[in-house]
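Please read all numbers here as calculations on a predicted model, not as lab measurements.
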Amino acid sequence: MIDALAVAEEITLETRGRRTGRPHRVTLWFAYEEGGLWLRTDPDTDWYRNLLAEPRCRVQLDQANVDAVREVVPDQEPALRRLVDMWRTKYGGEWVADWYVERGRVPVRLRLVVPL
């Protein structure tokens, strides 16, 4: 799965509903780097608020699943700019505009929990 993450366009992220406890799935763009995924969101999205309540989640790519854990990103502004640069390289500058780094956007780092 790690090799597939390096070239895939999207992932499906599954979180647990912070109120219901039910699975919540969303398809997202991402950047893969060193055993983890970088995502970008607005602070009021359900999946992000779910991760704040319960940082454990699952990433699905095609039929493969891997567990992941949200990590705290201490310096968000530089991390967001770096993520957007990775997205520009991956998806192309015509798809990734400057509004991706506007105030209020949040970078999210997921550490993949890969069994040994």
Side-chain angles (χ1 to χ4, degrees):
M1 180 172 190
I2 299 302
D3 292 337
L5 285 169
V7 296
E9 293 281 323
E10 299 174 326
I11 55 150
T12 299
L13 175 67
E14 181 181 302
T15 60
R16 286 275 161 215
R18 62 195 173 284
R19 295 185 198 143
T20 67
R22 291 191 304 246
H24 178 270
R25 291 178 190 87
V26 62
T27 301
L28 300 167
W29 277 10
F30 71 98
Y32 173 75
E33 178 186 56
E34 299 174 21
L37 303 179
W38 283 98
L39 313 170
R40 186 213 49 96
T41 191
D42 297 319
D44 59 347
T45 59
D46 283 335
W47 67 265
Y48 179 66
R49 292 187 295 174
N50 290 345
L51 282 174
L52 292 177
E54 171 54 67
R56 293 175 295 178
C57 58
R58 177 163 289 172
V59 173
Q60 180 180 10
L61 178 63
D62 297 324
Q63 300 302 313
N65 292 294
V66 65
D67 292 330
V69 178
R70 180 188 61 85
E71 295 181 331
V72 174
V73 178
D75 204 355
Q76 291 193 353
E77 187 174 328
L80 183 60
R81 291 192 181 284
R82 189 161 160 258
L83 162 61
V84 169
D85 286 341
M86 287 187 282
W87 275 12
R88 281 188 180 116
T89 300
K90 180 176 182 176
Y91 297 108
E94 67 275 8
W95 294 104
V96 181
D98 288 337
W99 64 268
Y100 278 85
V101 292
E102 287 178 354
R103 176 165 288 172
R105 310 290 189 206
V106 179
V108 177
R109 167 86 174 158
L110 299 179
R111 178 178 42 84
L112 301 177
V113 181
V114 180
L116 299 175

Report task. Please report the C-alpha distance between W47 and T41 in whole Å, then the side-chain angles of each, then the deciding distance to 0.1 Å, and finally whether the side chain to side chain contact (heavy atoms under 4.5 Å, CB included) criterion is met. Result -> CA-CA 9 Å; W47 67 265; T41 191; 3.2 Å; yes
[X] side, atom [atom1]; [Y] side, atom [atom2] - distance, nearest 0.5 Å:
| X | Y | atom1 | atom2 | value |
| --- | --- | --- | --- | --- |
| L51 | R16 | CG | CZ | 12.5 Å |
| Q60 | R25 | CD | CZ | 7.5 Å |
| H24 | T15 | NE2 | OG1 | 5.5 Å |
| L39 | L110 | CG | CG | 5.0 Å |

Closer than 3.5 angstrom, by distance alone: can the side chain of [X] be matched with the main-chain N or O of [Y] as a donor-acceptor pair?
| X | Y | answer |
| --- | --- | --- |
| Y91 | E9 | yes |
| Y32 | G35 | yes |
| R58 | D67 | no |

Report task. Apply salt bridge (charged side-chain N to carboxylate O under 4.0 Å, His left out) to D46 and list each qualifying residue two or more places apart in sequence or on a separate chain. Result -> R18, R49
Query raised in the report: Do E71 and R111 sit within salt-bridge range, that is, some charged N less than 4.0 Å from a carboxylate O?
Result: yes
Query raised in the report: With under 30° as parallel and over 60° as perpendicular, where do the rings of W29 and W87 fit, or are they tilted in between?
Result: perpendicular
Requested in this report: Could you tell me which non-hydrogen atom of V73 sits nearest to which non-hydrogen atom of P107, and how far apart they are?
Outcome: CG2-O, 3.9 Å
**Report entry** Over-ring placement of K90 relative to F30, 6.0 Å and 45° cut-offs
**Finding:** yes
**Report entry** Q63 vs L61 side-chain heavy atoms within contact, under 4.5 Å
**Finding:** no
**Report entry** Heavy-atom side-chain proximity of L13 to V59 below 4.5 angstrom
**Finding:** yes
**Report entry** side chain to side chain contact (heavy atoms under 4.5 Å, CB included) involving E33 - partner list, sequence neighbours excluded
**Finding:** W38, R82, M86, R109
